[in-house]
Every structure is written in C-alpha cells, then in structure tokens.
There are 2 protein chains.
Amino acid sequence: MARGSTRPTSRDVAQAAGVSQAAVSLVLGDKWRGRVSEATAQRVREAARDLGYRPNLAARNLRLGRTRTVLLVVPALTTEFFAGVYTGATRVAAEHGFGVVLYPSPEGIGPAPDPFASAQAALDGVIASSMAADALTAIRGEALPLVMLDSDPSGSLGAATVNLDIADGVRQAAEHLLSLGHRRFLHLAADVPSWTFEVRARELAARLAEVPGTSVRTARSPISIEGAVTAAETALSQPGPRPTAVICDDDQLAAGTYKAARRLGLRVPDDLSVTGLDDLALATAIDPELTTVRLDAELFGERGMRALLAVLEGREPESGDIPVRLVVRGSTAPPGLP
Amino acid sequence: MARGSTRPTSRDVAQAAGVSQAAVSLVLGDKWRGRVSEATAQRVREAARDLGYRPNLAARNLRLGRTRTVLLVVPALTTEFFAGVYTGATRVAAEHGFGVVLYPSPEGIGPAPDPFASAQAALDGVIASSMAADALTAIRGEALPLVMLDSDPSGSLGAATVNLDIADGVRQAAEHLLSLGHRRFLHLAADVPSWTFEVRARELAARLAEVPGTSVRTARSPISIEGAVTAAETALSQPGPRPTAVICDDDQLAAGTYKAARRLGLRVPDDLSVTGLDDLALATAIDPELTTVRLDAELFGERGMRALLAVLEGREPESGDIPVRLVVRGSTAPPGLP
DNA sequence: CGCCCTAGGTTTTACGTATAACGTCGAGTT
DNA sequence: AACTCGACGTTATACGTAAAACCTAGGGCG
C-alpha cells in the first residue's frame with residue numbers, strides 16, 4: 001500500500017505483487033510475452049487494480065519523449081462547426097490512444113499569442129485551421145509535425161493539408177440559383193483573410209463569368225449575425241437593380257441577411273433568395289429554413305487527425321478533398337418579376 | 001548547440017552560457033536573487049533565447065508533481081454556451097500559468113467513458129458541469145480537487161460549487177409574463193437529469209402557486225431544436241384551453257417552439273408568448289427576437305476556474321451565485337383575447 | 001590571526017517510467 | 001560432463017528538470 005495519500009506508483013504495485021518494478025512495467029505495457037509467466041502477470045494486474053494504480057503520465061512522457069497529445073488550433077469556438085471538428089478529431093485520437101488539446105485563437109487583435117504557452121502539455125503534433133492565422137507563425141517556429149485544415153495546398157510548404165471541397169459547394173449553390181433563373185447576385189463574403197474564403201470568391205466569379213447576362217456584387221462582413229445585418233442592408237440598398245439572390249460565405253451571414261431583408265421589407269424567398277454554407281443548427285431554426293451547403297465538420301476533424309497520425313508514423317496522408325453537398329430548403333425560389 | 005535535431009535542454013543552455021544546469025534552472029525559474037550575479041543571469045537568458053530553449057513540460061511536471069493543467073468536463077459542445085464557459089476558464093487559467101483540457105462527455109448512452117483516459121495530461125484538478133452526469137462517478141473516484149458547475153450545493157459532498165442564479169432568472173421570466181397578463185403556461189422542460197433543470201421546474205411551480213388562477217402544463221424535450229418542435233407541437237395540441245405563454249428551459253427549446261407554433265398556425269407573440277434561457281446567438285437570429293434570460297457563460301467559466309485555483313491553494317472559494325437577467329425582446333406580448 | 005558570513009555558484013539527488021543489459025536455473029544436447 | 005538455451009525475472013540506467021545540500025574565495029570583524 002502506498003504510504004500516506006500519494007498516488008500509488010508502479011513500485012508500490014511491484015511490492016504488492018512481490019515482483020520488481022520492471023516486471024510491472026512489462027506486464028502493464030503488454031510487453032511480457034515470453035518474459036513473465038502468465039501467473040505472475042495475473043498477480044501484477046490484480047495488484048494494480050486493487051491499488052487503483054494509474055501510470056504517471058508525466059513520467060511516461062519524459063521517458064518516451066512523446067506525449068500522445070496533439071494541439072488543435074481553431075478560430076474562436078463561436079459556432080458548432082469547430083466544435084464538430086474537435087469532436088471528430090478527438091474520436092479518432094482516442095482510438096489511437098491520443099489526446100487532443102484545444103487552442104482557440106483569441107478573436108480580438110492583440111499581441112500575437114503563444115499557443116504553446118497556453119497548452120501546458122508537451123505536444124507530438126499540431127492540427128491548425130487556416131482561419132487561425134495569427135497563431136500560425138508561432139506554430140511554424142516549433143517545427144512540429146503539422147496538418148493544415150482548409151489551407152492552400154500549394155502554399156503550405158510541405159505541411160499536409162486536409163480540405164473540404166468548398167469550390168464544389170459554391171458551384172452547386174451557384175448552379176442551383178442559376179437554374180432557378182437568377183442572374184443578379186450578391187456575394188456576402190466573410191471579411192477574414194483565409195484561403196477557404198478566397199476559394200469561395202474565386203469559384204463563384206469563375207462560374208458566373210461563364211454565364212452571359214449575370215452580374216455579381218460583393219459585400220464584406222465580419223463573421224457574425226449582427227455584422228452581416230449591416231453589411232447586407234447596405235449592399236441591398238445600393239442604387240441600381242437589386243440582386244435577386246444572395247450567396248453567403250456562411251450560415252451566420254445568411255441569418256443576418258434574413259434580418260436585413262425584413263428591415264427592407266423584402267420577403268425570403270419571394271423577393272430574395274438566400275444561400276448559406278455550413279448547415280449549422282441555425283439553418284433550420286430560421287424561417288424559412290435555409291438552403292445551404294452542408295459541411296461535415298466531424299468528418300473534417302477525423303480526416304485531420306488521421307492525416308496527422310499518418311505524418312507521425314511516417315506514412316503518406318490520405319489525399320482528396322472531402323465532398324460537400326447543397327441542401328435545398330425554403331430560402332431559394334425563382335426570382336419574382338423584375 | 002544541441003546535437004542533431006533534438007530540442008535543446010537546459011543542459012545545452014548551460015553549456016552555451018558556460019554555467020551549470022542548476023544555474024540555468026535558477027535563472028529561468030526566477031529564483032536567482034542573491035544566488036547568481038546579474039551578469040551571469042543575463043548570459044543565461046541570452047543563451048536560452050538564442051537556442052530557442054523551451055523547458056520540457058513532462059520533465060517539469062514529473063519533478064514538481066503537478067501539471068498546472070485542469071480538466072473541464074462539459075456536456076457535448078453543441079452550443080456556444082459551453083464554448084463560452086471554456087473561454088472564460090481558459091482566460092483565468094492562462095493568467096495563472098494553467099492550461100485547460102476539455103472533456104466533452106459523449107452524448108450517446110454507452111459504456112461509461114473514462115475522462116482520464118481521454119485526457120492524456122496528468123491533472124491538478126477538475127471543473128465539471130453537473131450536466132455531464134455520466135462522467136461524474138469516474139471523477140469522484142480520482143479524489144482530485146473538484147469544482148462543480150450548476151450543481152446542488154447541499155448534495156455536492158464538500159466539493160465547491162459555482163452556480164448561476166437560475167432560480168432568479170426563472171422568477172424574472174415568470175414575473176414578466178404574469179405582469180403582461182398571462183395565466184395559462186406551458187413549461188417546456190429539458191429532458192436531462194441535472195440540478196440546473198430541476199431548479200427551473202421547482203422555482204416556476206413555486207412562483208405560479210402564489211398566483212391564484214394560474215395553471216401550468218409541463219412537457220419534456222431533449223435539448224435540441226428538432227426535439228423541441230415535436231414536444232411543443234404535441235403539448236400545444238392537447239385538448240383544453242391552450243396556454244398563452246411558453247417558458248422554455250433554454251433557447252434551443254424556444255426556437256423549436258417557434259417552429260411548432262408556425263405549424264399550428266399560431267403567431268409569436270400575438271397568439272403565443274415564448275421565453276428562453278441562455279441568450280445564444282440563436283435568440284436574435286429568429287423572428288421575432290427572443291425574450292430570454294441571459295447567462296454570462298464566460299463569467300461562469302471564469303468563476304469556476306477561480307474557485308478551483310482557490311481550492312488548489314487551500315483558500316476558500318468565492319461564494320454567491322452569479323446574477324442573471326431577463327432580456328425582453330419581441331417574443332412576449334399580452335395574451336390575445338381568450 | 002582565526003572565524004564566520006555572504007555572494008556566487010556547483011554537485012547531487014529525486015520524480016516514475018520504460019527498457020536495455022544482465023543473471024539464474026533447470027532441461028535438453030552432444 | 002560440459003555446454004547451450006529458453007523461460008523468467010532482476011538490476012541498472014536515462015529521460016530533463018527543480019531544488020536541497022554543498023563548496024569556495026574574499027571580506028569584515030573581534
């Protein structure tokens with residue numbers, strides 16, 4: 001029995017089982033085949049259970065020189081999207097005996113924060129969203145195995161990337177609206193410098209350029225419902241023929257667009273079609289339910305974690321973007337008469 | 001210089017600065033007053049900077065027997081509420097050199113999961129929401145310093161508790177609706193066994209019992225918009241006089257109630273007043289904007305972390321519930337004529 | 001002069017684990 | 001009979017850090 005109230009160590013277990021500490025380590029580490037008899041192994045396991053032994057992670061990490069812990073760097077957790085990414089990553093991590101520590105990049109602008117000071121754990125690797133740009137420089141400096149989420153594959157300097165096929169999602173949304181007959185668009189874009197938003201703009205412009213007679217305005221908004229209300233209201237009040245469809249960079253912007261439309265006396269979808277991107281719970285909470293591009297956040301997190309595990313084991317990460325798909329609901333309809 | 005590609009250790013720094021490893025530890029640990037000359041300390045700091053030295057956390061944790069890491073146990077992160085709690089806790093933790101590891105209790109029912117297997121880090125303490133009930137037994141077994149969030153103060157067996165003043169919030173909502181003239185209520189309750197929801201039911205019943213001529217139905221729903229739609233639709237379709245006001249245990253349930261009302265052809269607030277609880281972003285995204293009880297999630301997390309730090313330092317945690325307040329918006333109005 | 005004290009360090013140790021290197025003993029081989 | 005070899009362990013060591021215990025030289029003091 002351990003003296004006093006300190007947690008039992010492997011040495012305590014050894015003493016209880018009448019063996020050496022090394023034998024305990026072998027048995028509990030499942031490395032005892034041909035080194036320890038079945039009977040002894042059983043005694044050790046029982047002693048460990050009786051004492052409530054748990055290995056000291058700090059000691060193990062020090063000995064092994066790795067921690068089986070990875071850092072997940074995300075922008076602030078204001079929506080369930082990154083919560084989903086975290087959930088997916090954690091699930092895969094747990095299957096491989098890994099833990100995940102979160103580093104939500106502070107939203108406000110300030111002194112560049114240090115993800116590694118915040119994460120007390122020593123780390124084996126990092127998964128980082130390209131949206132958490134301010135934290136990236138510090139990460140690069142550490143030379144840790146790195147997987148980037150939604151980042152420019154050609155600009156990632158060798159880091160593995162795992163991406164959603166956002167370009168295809170934007171194409172599907174554009175196609176849907178075009179086939180309904182829309183020709184005048186507003187692109188409500190996120191005012192955040194990240195590859196994933198650049199893709200949206202580029203792809204939309206490319207697709208619409210192929211269709212004669214289309215026009216597209218662009219408005220920028222911070223990623224929040226309230227911010228989007230102002231941006232959308234301003235953009236929709238501009239002189240000239242009003243857009244009949246608004247393509248939003250994410251669902252929150254779409255929700256803001258609903259509110260702007262109400263203020264302007266426009267009905268969705270009769271006067272204005274709106275599409276989003278993410279498919280948050282929000283998308284079906286608002287009325288009418290939002291036509292949006294569904295992103296599988298958990299799968300995204302899983303793929304990110306799998307890629308990092310591959311890197312850590314020296315394997316080649318799985319390649320190929322994660323497919324997305326448009327979910328058509330009540331916020332899109334043919335345009336009214338001009 | 002460190003050989004090969006391994007990270008530099010304090011010994012490498014010592015060699016570079018021409019001192020012993022102990023001197024490095026003293027200087028970098030800020031314990032050198034009167035033990036090392038200012039000039040030497042300066043040399044050590046420069047060497048550390050030049051080599052990009054970072055202390056090995058595993059070694060430090062092993063040596064010190066503590067990790068400056070705490071576990072935050074929450075129900076699944078499906079809304080921004082617990083993201084806020086996490087943010088607040090992390091902020092305070094960082095100010096004190098602590099890290100926070102998250103353990104989101106899996107939603108599905110299954111084999112009782114082990115928070116400590118998931119959290120690779122060794123832990124100094126735990127903050128746990130009473131909503132993550134399934135994880136609590138494992139936590140108790142570890143005999144770690146523990147702070148409970150929104151938990152029965154009399155039933156916590158000595159663990160410190162930090163609570164929101166939910167009872168007062170419910171009272172404010174009830175008062176508001178009573179003063180508008182409502183007498184027939186529906187309480188849409190969360191179908192989750194947790195003290196925080198018991199309080200809502202108890203307080204509402206207590207307040208309404210004081211007002212003659214009031215009646216209250218109760219319906220139970222899982223905490224999700226979709227679940228609430230069904231529950232609310234069923235409850236509002238019961239025979240007998242229809243409730244004129246619905247008090248919901250949280251904002252998601254309120255959003256579901258909006259959808260149920262639409263299906264039944266009821267307008268909010270003209271035919272049905274609705275109140276929520278949380279004040280999520282969702283509350284202002286839906287139309288009309290939701291009258292709800294605002295909970296300060298970040299402050300909640302901050303107070304939780306402060307309480308745990310107090311426990312760790314043998315101090316008495318700050319007491320007193322965190323105040324909440326009703327935010328009146330467009331979802332409540334006087335009842336129409338019967 | 002002998003002594004202690006202080007500044008400015010160094011040497012040593014312990015934290016708990018995983019594992020490489022090293023015994024030991026009996027049975028089987030030659 | 002000497003040797004080998006496998007089964008079953010044990011002993012010893014290293015991981016990187018913090019800090020207790022120890023050392024040394026010079027100056028002040030009685």
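Residue numbers begin at 1 in each chain, while the letters A, B, ... track the order of the sequences. All values derive from a computational prediction rather than experimental measurement.
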> Any side-chain N or O of Ser10(B) less than 4.0 Å from the OP1 or OP2 oxygen of dT17(D)?
Replying inline: yes
> In whole angstrom, what separates Gln42(A)'s CD from dG9(D)'s P?
Replying inline: 13 Å
> Is the backbone N or O of Asp321(B) less than 3.5 Å from a side-chain atom of Asn163(B), with the two atoms forming a donor-acceptor pair by type?
Replying inline: no
> Val36(A) has a side chain; which of dG16(D), dG9(D), dG8(C) sits nearest to it?
Replying inline: dG9(D)
>> Closer than 4.0 angstrom, basic N to acidic O: yes or no for Glu38(B) and Arg45(B)?
In response: yes
> Please give, in whole Å, the distance from dT10(D) C1' to Gln15(A) CD?
Replying inline: 16 Å
>> With a 4.0 Å cut-off on N to O distance, would you call Glu313(B) and Arg66(B) a salt bridge?
In response: no
> Taking the side chain of Gln21(B) as heavy atoms from C-beta outward, which of dT17(C), dT19(C), dT17(D) is closest to it?
Replying inline: dT17(D)
> What's the closest nucleotide to the Ala23(B) side chain, out of dT19(C), dT10(C), dG9(D)?
Replying inline: dT10(C)
> Could you give the NZ-to-P distance, from Lys31(B) to dT10(C), as a whole number of Å?
Replying inline: 18 Å
> Rounded to the nearest Å, what distance is computed from the CG atom of residue Leu26(A) to the P atom of nucleotide dT11(D)?
Replying inline: 14 Å
>> Counting distance alone, no hydrogens or angles: does the base of dG8(C) have a donor or acceptor under 3.5 Å from a partner atom on the side chain of Arg35(B)?
In response: no
> Would you call Glu302(A)-Arg91(A) a salt bridge at under 4.0 Å N-O?
Replying inline: yes
> Could you state the CG-C1' distance from Asn56(A) to dA14(C), rounded to the nearest angstrom?
Replying inline: 13 Å
>> Nearest to the Pro55(B) side chain among dT17(D), dT19(C), dG16(D), which nucleotide is it?
In response: dT17(D)
> Hey, which of these two, Gly34(B) or Leu62(A), hits DNA chain C nearer its 5' end, going by closest nucleotide?
Replying inline: Gly34(B)
> Nearest-Å distance, CG (Asp12(B)) to P (dC15(D))?
Replying inline: 11 Å
> With respect to the side chain of Ala59(B), which nucleotide from dT10(D), dG9(C), dT17(D) is positioned closest?
Replying inline: dT17(D)
>> It should be established whether Ser20(B) places a side-chain nitrogen or oxygen under 4.0 Å from OP1 or OP2 of nucleotide dT10(C).
In response: yes
> Could you state the CZ-P distance from Arg60(A) to dT19(C), rounded to the nearest angstrom?
Replying inline: 10 Å
>> Within the 4.5 Å heavy-atom criterion, are Val19(A) and Arg43(A) side-chain neighbours or not?
In response: yes
> Leu64(B) has a side chain; which of dT19(C), dC15(D), dA19(D) sits nearest to it?
Replying inline: dA19(D)
> Are Leu71(B) and Val73(B) close enough that some pair of their side-chain heavy atoms sits under 4.5 Å apart?
Replying inline: yes
> Which nucleotide in the list dG9(C), dA19(D), dG16(D) gets nearest to the side chain of Thr9(B)?
Replying inline: dG16(D)
> The side chain of Arg11(B) lies closest to which of these nucleotides: dG9(D), dT17(C), dG16(D)?
Replying inline: dG16(D)
> Could you give the CZ-to-C1' distance, from Arg33(B) to dT6(C), as a whole number of Å?
Replying inline: 18 Å
> Which part of the nucleic acid, if any, lies within contact of Val19(B), taking any heavy atom under 4.0 Å across all strands shown: a base, the sugar-phosphate backbone alone, or nothing?
Replying inline: sugar-phosphate
>> Strictly below 4.0 Å: does Thr40(B) bring a side-chain N or O up to OP1 or OP2 of dG9(C)?
In response: yes
>> Looking only at the side chain of Ser37(B) (C-beta and beyond, no hydrogens), which of the listed nucleotides dG8(C), dT17(D), dA20(D) gets closest?
In response: dG8(C)
